Amino acid sequence: MRQLSARETVREILAKVVGELAAEGLVGVVPIDSIAVERAKRPEHGDFASNVALVLAKPAGKPPRTVAEAIVARLPRGGSSPIAEASVAGPGFINVRLHPTFWQGMLSAILAAGDDWGRSPARNAPKILLEYVSVNPTGPMHFAHGRHAAVGDALARLLRFAGYPVTCEFYVNDAGNQVQMLAQSVWTRYMDAARAADPAVPAADFPENGYKGEYVRDFGRALFARDGARWVGVAPPADIEPVRSFAIAQALGMIRATLERFDVTFDLWQSERALHEAGDVAETLAALEAKGYIDRHDDAVWLRTTALWGDDKDRVVVKSDGLPTYLLADIAYHRKKLARGFDELCDIWGSDHHGHIARMQAALKAFGEDPARLRVILIQIVSLLRDGKPVAMGKREGEFVTLDDVVAEVGRDATRYFYLMRRHDTPLEFDLEVAKRQSLDNPVYYVQYGHARCAALVRRAAELEAPRPPMSTELAAELVLPEELAILRRLADFPDYVADAAAAREPQRLTTYVSELAGEFQSYYTRLQKVHDDTILPQERHRTGDWRAGWNWHKTAARLCWVEAIAQVMRNALGLLGVSAPESMPRSATITKEDDS
RNA sequence: GCGCCCGUAGCUCAACUGGAUAGAGCAUCGGCCUUCUAAGCCGAGGGUCGCAGGUUCGACUCCUGCCGGGCGCGCCA
């Protein structure tokens, strides 16, 4: 049976009492989900606060404090109840403090759950199709795409952990003008390579707005190396299917390799061309037409998005040249996703695509679906900085900072963590110098250091042959310092954070959580010595005479279990972010102690 | 012009979607090492939550209007 989180435990008790009062007609009936239970912001308010009395007061026609007092009077205390104290405060808040033994008991639950602490069991959650990155297969991934990859992958991990079935897809835009342009660009570079081998080969004009990056030359050379002069002089180049497929395969290969290095994987790479070839696009157009949402004028075919979903103008779905637009293919793709049985289509787009949302939702509405089934997460821009100053780029055309560049410079962990530090709708400042710094003012380093410190304590304990009795109630009762109980509460709250972050589709909340946890632990670590004049393990100065007999190993064992639980929760949180939790931190040679002079 | 997003400490920002005295980090200043990793910690200063109304027991949060910033408004994707 699943261990309820502390918050859910309180919520259930409150719901039971409210139910009793409702049965007696003193208050109205409310669903359990509408009872807000929050962690108290101030320790003197206890552990949790609920506004349930404020919510119930108005319909009941009673003063909030009266309702609150009625509830508090019935809250069970003592015996097996986890509630130690309950009181009414302010306008009618109910403050609840749980008994220390309840929190101490959570330690066993955390250690027993291990990697699964925070996981929600499989349940009747909506099936989600998460589509993200979906960058055009025309070149390497730009550093800003890294934010999409990091957010999407962390969201997928988070949702799965929280019990949602998730499928991740990358939509390959291999059917439009962009890949046509890439094919043309690659072909001219191929001609250059052919001419280098045989001066008789004519020069080919590089297309206006072609892709100018160095990688296009690589592709051209690679094509010549594979096929020789086979495509020389064949015109028009973009219609040579083997050239186009080669160019796309090369570009997609680069993207896949980058994502693999970034530890991001997809369940399916959906080709746009395949949708056309399978007839899904044509079928979608026919379906829209059958529903009466299609107009034909000015030689083009239009979708009546204004009538469907308040768009400001109707949109073209088939151009006057007879080719379908990107919009139509995307509608076909989303229609297919729904047909495959997904409840929610979650797309991650750049915020510059927000205008597209209304059109896609209009399309969903055309098929009689609730437009809310499409949930779009808009990612704001990333500014790359170095020591606080913008990184210069675009000096030469076709040159830009790639995701690979960033990962190569600052590492995968720092890259992912930095991309996940801000809400997705906030622009992100990514300072390369801060990210790669091996010091504690680098947030990711600070957090990883916290985990390494926990691991070091456990290692050191083994070296000292500290006895490690199994976790028990008596052992947990040794954890009595306010700092220890506060951290225990935070560990116990982890499942609630996970559930809330998943419900909000906001993986970055876990970076906040884990950095606060690390800070609280570091603070404790120093305070234990400075304020409490104590250490977890015996120190050199303790080890004199018959020190083994005199040391309180019971307390040490309890604290070691607690430290292991902290490390465990850090690992779980970092794992959801796709960031590693090192056992030790490399000692940096560049950090030296200042002298006194 | 219309639409979407955003205005919170010097800077960068922040879970509990309307709750109690608005919190961090960085930066600044002042403390703490014969060290379980000082690779750390503690403390101080710093705010009319863009402005003005409204909704209500209660608003940084919701509504309206303004001001400022970003993005979008293709038969591109």
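Naming convention: chains lettered A, B, ... in sequence-line order (proteins, then strands); numbering from 1 in each chain. If you're wondering where the values come from, they're calculated on a predicted model, not measured in any experiment. Hydrogens, waters and symmetry mates are skipped; everything else that's a heavy atom, side chains included, is used.
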Letter by letter from the 5' end, nucleotides 68-76 of chain B scores (B base, S sugar-phosphate only, - none; protein heavy atoms under 4.0 Å) ---BSSSBS

Whenever both distances are under 3.5 Å in a Watson-Crick or G-U wobble pair, mark it; put RNA chain B into dot-bracket that way, with [ ] for crossing pairs and | when the partner is on another strand.
(((((((..((((.....[...)))).(((((.......))))).....(((((..]....))))))))))))....

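- For R11(A), the salt bridge (Lys or Arg N to Asp or Glu O under 4.0 Å) partners two or more places apart in sequence, or in a different chain, are E8(A).
- Looking at heavy-atom distances under 4.0 Å, E38(A) makes contact with a base.
- Distance alone, capped at 3.5 Å, is enough to place a donor-acceptor pair between the D174(A) side chain and the E272(A) backbone.
- Looking at heavy-atom distances under 4.0 Å, L528(A) makes contact with a base.
- Listed by chain and residue number, nothing satisfies the salt bridge (Lys or Arg N to Asp or Glu O under 4.0 Å) test with K62(A) (two or more places apart in sequence, or in another chain).
- Between W562(A) and F521(A), the ring planes are tilted. Angles from 30° to 60° get that label.
- Residues V569(A) and Y513(A) form a side-chain contact, since some pair of their non-hydrogen atoms from C-beta on lies under 4.5 Å apart.
- Using a 4.0 Å heavy-atom criterion, one finds that N51(A) contacts the bases of the nucleic acid, with or without backbone contacts as well.
- Side-chain atoms of D299(A) and S320(A) form no donor-acceptor pair, as typed in the model, at a separation below 3.5 Å.
- Within the nucleic acid shown, N95(A) comes within 4.0 Å of at least one base atom, counting heavy atoms only.
- rA9(B) sits 11 Å from rA24(B) when the C1' atoms are compared, rounded to a whole Å.
- For T426(A) and rA14(B), the shortest distance from a side-chain N or O to OP1 or OP2 is below 4.0 Å.
- Contact annotation: Q529(A) side-chain N/O to rC36(B) OP1/OP2 distance is under 4.0 Å.
- Centre separation under 5.5 Å together with a plane angle under 30° holds for the ring of F93(A) and the six-membered base ring of rA20(B), marking them as stacked.
- On the P atoms, rG25(B) is 22 Å away from rC49(B), given to the nearest whole Å.
- Nucleic acid contact for L378(A): none, since no nucleic acid atom lies under 4.0 Å from a heavy atom of the residue.
- The gap from the P atom of rG54(B) to that of rA27(B) amounts to 43 Å, rounded to the nearest Å.
- Residue-to-nucleotide contacts include no donor-acceptor pair under 3.5 Å from the side chain of Y446(A) to the base of rA39(B).
- The aromatic ring centres of H297(A) and W302(A) sit less than 6.0 Å apart.
- Pairs of residues two or more places apart, or lying in two chains, that qualify as ring-ring contact (aromatic ring centres under 6.0 Å, His included) and include a residue from residues 310-331 of chain A are Y326(A)-H356(A).
- Among the heavy atoms of the strands, none lies under 4.0 Å from P443(A).
- Residue K41(A) has no polar side-chain atom (N or O) positioned under 4.0 Å from OP1 or OP2 of rG23(B).
- Counting only heavy atoms from C-beta outward, the side chains of M585(A) and Y445(A) approach each other to under 4.5 Å.
- The stretch residues 513-524 of chain A touches RNA chain B through Q522(A), S523(A), each having a heavy atom under 4.0 angstrom from the strand.
- The shortest side-chain heavy-atom distance between V172(A) and L252(A) falls under the 4.5 Å cut-off.
- At rU37(B), one or more side-chain N or O atoms of Y525(A) fall inside 4.0 Å of OP1 or OP2 (strictly under the cut-off).
- Across all strands shown, A49(A) has heavy atoms under 4.0 Å from base atoms, whether or not it also approaches the sugar-phosphate.
- The C1' atoms of rC51(B) and rG69(B) are separated by 15 Å, rounded to the nearest whole Å.
- Here T511(A) contributes atom OG1 and L576(A) contributes atom CG; the two are 12.0 Å apart, rounded to the nearest 0.5 Å.
- Here R453(A) reaches the OP1 or OP2 of rA38(B): one of its side-chain N or O atoms lies under 4.0 Å away.
- Nucleotides rC63(B) and rU17(B) place their P atoms 16 Å apart, quoted to the nearest Å.
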Test log, rule ring pair (Phe, Tyr, Trp, His ring centres under 6.0 Å), inputs F170(A) and Y132(A):
CA-CA 6 Å; F170(A) 185 118; Y132(A) 64 104; 8.3 Å; no

